Amino acid sequence: TTLFRSLDERSAAKSKRFYEEGAEIFNRVEAKKPDNYCTTGYQRKLLRAEYKSFLAGSYMRYYFFEEADPDTIIGTCSFAEIRHAPYNSCIIGYKLLPRFQKKGYALEGISELISALFEEDRIHRIEAFTLPDNLDSISLLLRLGFEFESIARSVILLNGEYRDHNRYVMINPMHLQ
């Protein structure tokens with residue numbers, strides 16, 4: 001079972017360990033991070049900012065844990081660029097430590113979070129961006145019910161180069177006719 005919750009600055013050491021363990025794989029698919037990103041101090045500031053944004057309803061990051069080890073972060077799912085009426089949309093991002101991939105944690109946790117976002121926050125549209133060769137991420141998005149919408153040309157700066165990403169979309173099923 002996947003547990004998830006938002007965290008505040010008191011969890012900076014846990015967050016630091018998570019990002020240190022996943023750095024090699026995360027750095028391949030994410031924008032460049034500051035050199036001090038994997039420090040407790042930076043993580044404390046980041047968690048404080050995320051928590052304030054969470055309370056403001058503009059950004060939400062949930063941290064995943066195994067039920068058997070509820071103190072070790074195994075992944076995250078975030079909803080960024082939350083736009084309210086008339087758009088009611090956001091962008092999803094997620095990551096899981098390699099040793100926990102392909103075990104159902106991401107599918108279970110993200111499914112529950114999306115359901116809550118649709119029902120409680122009245123979000124209409126969720127977008128996801130992934131590199132065209134990130135087959136594991138594409139597979140997860142399709143299993144979650146996302147549909148391919150387009151190729152976003154030269155959209156995200158990765159390792160010094162703007163890269164194309166596939167854009168996937170999920171529309172709130174309660175809003176479909």
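The analysis underlying the following values was restricted to heavy atoms, covering all of them including side chains, and did not include hydrogens, waters or symmetry mates. Here the structure is a predicted model, which means the values were calculated and not measured.
The shortest heavy-atom contact between Ile92 and Ala128 is CG2-CB, 3.5 Å. For Tyr105 against Thr1, the heavy-atom pair with the smallest separation is CE2-O, 4.3 Å.
Contacts of Asp69 classified as salt bridge (Lys or Arg N to Asp or Glu O under 4.0 Å), with partners at least two apart in sequence or in another chain: none. Glu20 is linked by a side-chain hydrogen bond (donor to acceptor under 3.5 Å, both in side chains) to Lys16, counting only residues two or more places apart in sequence or in another chain. Looking at residues two or more places apart in sequence or on another chain, you find a side-chain hydrogen bond (donor to acceptor under 3.5 Å, both in side chains) between Asp8 and Arg10. With sequence neighbours excluded, the residues satisfying side-chain hydrogen bond (donor to acceptor under 3.5 Å, both in side chains) with Ser137 are Tyr94, Thr130. In terms of the side-chain hydrogen bond (donor to acceptor under 3.5 Å, both in side chains) criterion, Arg5 has no residue partners (sequence neighbours excluded).
The cluster map of Ile, Leu, Val, Met, Phe, Trp and Tyr, joined by side-chain heavy atoms under 4.5 Å apart, puts Ile138 and Val169 in different clusters. In terms of hydrophobic clustering, with Ile, Leu, Val, Met, Phe, Trp and Tyr side chains grouped at heavy-atom distances under 4.5 Å, Leu3 and Ile73 are assigned to a common cluster. Ile82 and Ile91 fall into different hydrophobic clusters, where Ile, Leu, Val, Met, Phe, Trp and Tyr side chains are chained together by heavy-atom contacts under 4.5 Å.
Annotation: Phe148, atom CZ; neighbour count of heavy atoms from other residues, nucleotides and ligands within 6.0 Å is above 12.
Each ring pair (Phe, Tyr, Trp, His ring centres under 6.0 Å) pair with one or both residues in residues 25-80, not counting sequence neighbours, appears once here: Phe18-Phe26, Tyr19-Tyr37, Tyr37-Tyr42, Phe54-Tyr62. Contacts classified as salt bridge (charged side-chain N to carboxylate O under 4.0 Å, His left out) and involving residues 76-96 (residues at least two apart or in different chains) are given here: Glu30-Lys95. Identified under the salt bridge (charged side-chain N to carboxylate O under 4.0 Å, His left out) test for residues 52-62, with sequence neighbours left out: Glu50-Arg61. Annotation: side chain to side chain donor-acceptor pair (under 3.5 Å) contacts involving residues 112-124, sequence neighbours excluded, comprise His124-His175. The salt bridge (charged side-chain N to carboxylate O under 4.0 Å, His left out) pairs that include a residue from residues 129-152 are Lys102-Asp136, Arg125-Glu149, Glu149-Arg167, where partners are two or more places apart or lie in different chains.
Without hydrogens or angle criteria, Ser53 side chain to Ala49 main chain gives a donor-acceptor distance under 3.5 Å.
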Throw together a table of side-chain donor-acceptor distances under 3.5 angstrom for residues 151-160, partners on residues two or more places apart or in other chains.
{"unit_1": "Arg153", "atom_1": "NH1", "unit_2": "Asp164", "atom_2": "OD2", "d": "3.0"}

The test is side chain to side chain contact (heavy atoms under 4.5 Å, CB included); show your working for Ser15 and Leu7 and say whether it passes. CA-CA 9 Å; Ser15 182; Leu7 300 178; 5.5 Å; no
